[in-house]
Amino acid sequence: MVMRISVKDLKKEIGLRERFELQKDLPPLELKGEVIKFLKPVRVSLEVINAGDYLDASGTITTEVELTCGRCLEAYRYPLKVDFNEHYYPVEGESETADIKDEEGVPFTGESVDIEPEVKSNIQLSIPMRQICSEECRGLCSQCGTNLNKERCSCKIDDIDPRMAVLKDLFQKD
Ligand SMILES: [Zn+2]
Ligand SMILES: [Zn+2]
(Lines give C-alpha, C1' and ligand atoms only; values in the text may rest on other atoms or scores of the structure.)
(Ligands and ions follow the chains in the order given, each with its own letter.)
Protein backbone atom coordinates (compact mmCIF):
# COMPACT_ATOMS: atom_id res chain seq x y z
CA MET A 1 0.00 0.00 0.00
CA VAL A 2 1.30 3.42 -0.91
CA MET A 3 0.24 7.00 -0.36
CA ARG A 4 -0.93 7.73 -3.83
CA ILE A 5 -3.07 10.50 -5.26
CA SER A 6 -4.87 10.26 -8.55
CA VAL A 7 -4.17 13.31 -10.70
CA LYS A 8 -5.95 12.14 -13.83
CA ASP A 9 -8.59 14.88 -13.73
CA LEU A 10 -6.23 17.54 -12.44
CA LYS A 11 -3.89 17.11 -15.36
CA LYS A 12 -6.60 18.12 -17.82
CA GLU A 13 -6.54 21.84 -17.25
CA ILE A 14 -4.29 24.50 -15.77
CA GLY A 15 -5.76 26.06 -12.66
CA LEU A 16 -7.73 23.02 -11.55
CA ARG A 17 -7.45 22.17 -7.89
CA GLU A 18 -8.39 19.16 -5.83
CA ARG A 19 -8.29 18.21 -2.17
CA PHE A 20 -6.99 14.88 -0.91
CA GLU A 21 -7.23 13.28 2.52
CA LEU A 22 -4.93 10.34 2.99
CA GLN A 23 -4.20 8.14 5.94
CA LYS A 24 -1.76 5.31 6.38
CA ASP A 25 0.03 3.33 9.06
CA LEU A 26 3.72 3.72 8.35
CA PRO A 27 6.46 1.38 9.53
CA PRO A 28 9.01 2.85 11.97
CA LEU A 29 11.40 5.42 10.57
CA GLU A 30 15.12 5.19 10.96
CA LEU A 31 16.84 8.39 11.89
CA LYS A 32 20.56 8.51 12.66
CA GLY A 33 20.56 4.93 13.91
CA GLU A 34 17.48 5.53 16.03
CA VAL A 35 14.18 3.78 15.31
CA ILE A 36 11.17 6.04 15.59
CA LYS A 37 7.80 4.37 16.02
CA PHE A 38 4.50 5.85 14.89
CA LEU A 39 1.81 5.83 17.58
CA LYS A 40 -0.90 6.99 15.20
CA PRO A 41 -1.56 6.64 11.48
CA VAL A 42 0.02 9.34 9.35
CA ARG A 43 -2.66 11.68 8.00
CA VAL A 44 -2.07 13.97 5.07
CA SER A 45 -4.44 16.74 4.11
CA LEU A 46 -3.48 18.17 0.73
CA GLU A 47 -4.57 20.62 -1.86
CA VAL A 48 -3.10 20.03 -5.29
CA ILE A 49 -3.20 22.71 -7.97
CA ASN A 50 -2.36 22.30 -11.63
CA ALA A 51 0.17 25.11 -12.05
CA GLY A 52 0.92 24.39 -15.68
CA ASP A 53 4.42 22.93 -15.73
CA TYR A 54 3.92 21.17 -12.45
CA LEU A 55 1.41 20.17 -9.78
CA ASP A 56 1.68 22.26 -6.66
CA ALA A 57 0.85 20.12 -3.63
CA SER A 58 0.55 21.78 -0.26
CA GLY A 59 -1.00 20.83 3.02
CA THR A 60 -0.34 19.33 6.42
CA ILE A 61 0.89 16.03 7.79
CA THR A 62 -0.27 15.04 11.26
CA THR A 63 0.73 12.05 13.33
CA GLU A 64 2.27 11.11 16.65
CA VAL A 65 5.63 9.46 17.19
CA GLU A 66 7.41 7.92 20.14
CA LEU A 67 10.66 9.58 21.15
CA THR A 68 13.12 8.83 23.93
CA CYS A 69 13.92 11.54 26.45
CA GLY A 70 17.62 12.38 26.58
CA ARG A 71 17.43 13.14 30.31
CA CYS A 72 15.30 10.41 31.90
CA LEU A 73 15.56 7.87 29.02
CA GLU A 74 11.80 7.25 29.09
CA ALA A 75 9.73 6.99 25.93
CA TYR A 76 7.23 9.80 25.43
CA ARG A 77 4.55 10.74 22.90
CA TYR A 78 5.37 13.53 20.51
CA PRO A 79 2.54 14.90 18.32
CA LEU A 80 3.70 16.16 14.96
CA LYS A 81 2.14 18.70 12.64
CA VAL A 82 4.28 19.27 9.59
CA ASP A 83 3.78 21.47 6.55
CA PHE A 84 3.91 19.76 3.20
CA ASN A 85 4.92 21.70 0.08
CA GLU A 86 6.09 19.93 -3.05
CA HIS A 87 6.13 20.49 -6.78
CA TYR A 88 5.50 17.39 -8.88
CA TYR A 89 6.59 17.47 -12.49
CA PRO A 90 4.99 15.17 -15.02
CA VAL A 91 7.58 13.41 -17.17
CA GLU A 92 6.58 11.20 -20.04
CA GLY A 93 8.43 7.96 -20.61
CA GLU A 94 11.88 8.56 -22.07
CA SER A 95 11.89 12.32 -21.61
CA GLU A 96 12.97 12.04 -17.98
CA THR A 97 16.08 14.01 -18.82
CA ALA A 98 13.94 16.97 -19.90
CA ASP A 99 15.20 19.94 -18.00
CA ILE A 100 13.32 20.52 -14.81
CA LYS A 101 13.79 24.14 -13.87
CA ASP A 102 12.81 23.82 -10.26
CA GLU A 103 15.49 21.78 -8.50
CA GLU A 104 13.15 21.19 -5.60
CA GLY A 105 10.66 19.43 -7.83
CA VAL A 106 9.84 15.74 -7.85
CA PRO A 107 9.25 14.02 -11.20
CA PHE A 108 6.36 11.60 -11.70
CA THR A 109 4.93 9.60 -14.57
CA GLY A 110 1.39 8.55 -15.38
CA GLU A 111 -1.89 9.47 -13.77
CA SER A 112 -1.01 9.20 -10.12
CA VAL A 113 1.66 10.43 -7.73
CA ASP A 114 3.17 8.53 -4.83
CA ILE A 115 3.74 11.15 -2.16
CA GLU A 116 5.00 8.78 0.54
CA PRO A 117 8.75 9.47 0.08
CA GLU A 118 8.20 13.21 0.56
CA VAL A 119 5.83 12.63 3.48
CA LYS A 120 8.52 10.54 5.20
CA SER A 121 11.33 13.02 4.57
CA ASN A 122 9.20 15.90 5.86
CA ILE A 123 8.50 13.95 9.04
CA GLN A 124 12.18 13.09 9.47
CA LEU A 125 13.16 16.74 9.16
CA SER A 126 10.71 17.80 11.84
CA ILE A 127 11.88 15.41 14.54
CA PRO A 128 13.72 17.49 17.13
CA MET A 129 17.45 16.94 17.63
CA ARG A 130 17.12 17.52 21.35
CA GLN A 131 14.49 15.16 22.68
CA ILE A 132 13.22 16.06 26.13
CA CYS A 133 9.94 14.67 27.53
CA SER A 134 9.23 17.98 29.24
CA GLU A 135 11.23 21.09 30.11
CA GLU A 136 10.69 20.19 33.77
CA CYS A 137 12.18 16.72 33.37
CA ARG A 138 14.51 16.06 36.31
CA GLY A 139 16.34 13.22 34.61
CA LEU A 140 18.10 10.39 36.35
CA CYS A 141 20.12 10.52 39.55
CA SER A 142 23.77 10.48 38.53
CA GLN A 143 24.56 8.19 41.47
CA CYS A 144 21.88 5.50 41.56
CA GLY A 145 20.03 6.02 38.28
CA THR A 146 16.63 6.60 39.87
CA ASN A 147 14.19 8.42 37.62
CA LEU A 148 13.74 11.59 39.65
CA ASN A 149 10.42 12.39 37.94
CA LYS A 150 8.91 9.33 39.58
CA GLU A 151 10.56 9.05 42.94
CA ARG A 152 13.22 10.46 45.15
CA CYS A 153 16.35 8.66 46.10
CA SER A 154 18.42 9.06 49.20
CA CYS A 155 21.60 10.01 47.33
CA LYS A 156 21.13 13.75 47.87
CA ILE A 157 21.97 13.47 51.56
CA ASP A 158 25.34 11.87 50.86
CA ASP A 159 25.92 13.84 47.73
CA ILE A 160 27.99 16.60 49.27
CA ASP A 161 30.60 18.47 47.32
CA PRO A 162 34.05 17.45 48.73
CA ARG A 163 34.83 21.11 49.44
CA MET A 164 31.65 21.35 51.50
CA ALA A 165 32.61 18.21 53.38
CA VAL A 166 35.75 19.94 54.61
CA LEU A 167 33.65 22.83 55.92
CA LYS A 168 31.27 20.42 57.62
CA ASP A 169 34.20 18.85 59.44
CA LEU A 170 35.40 22.26 60.58
CA PHE A 171 32.01 23.16 62.01
CA GLN A 172 31.70 19.84 63.77
CA LYS A 173 35.00 20.44 65.62
CA ASP A 174 33.59 23.48 67.38
ZN1 LIG B 1 12.50 13.02 30.61
ZN1 LIG C 1 20.19 8.48 43.66
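Whatever order the structure lists them in is the order used to number ligands and atoms, beginning at 1.
Around the Zn ion (ligand 2), the two atoms SG of C153 and SG of C144 are separated by an angle of 110°, to 10 degrees. With the Zn ion (ligand 1) at the apex, C137 SG and C72 SG define an angle of roughly 110° (rounded to 10 degrees). Rounding to 10 degrees gives 110° for the angle at the Zn ion (ligand 2) between SG of C141 and SG of C155.
Judged purely by atom type and a 3.5 angstrom limit, T146 has no side-chain atom pairing as donor or acceptor with the backbone of L148.
Ionic pairing of E13 and K8 is not present here: no N-O contact between side-chain nitrogen and carboxylate oxygen is shorter than 4.0 angstrom. The pair E47-R17 counts as a salt bridge, with a side-chain nitrogen and a carboxylate oxygen less than 4.0 angstrom apart. Between E116 and K24 there is a salt bridge, with a side-chain nitrogen of the basic residue lying less than 4.0 Å from a carboxylate oxygen of the acidic one.
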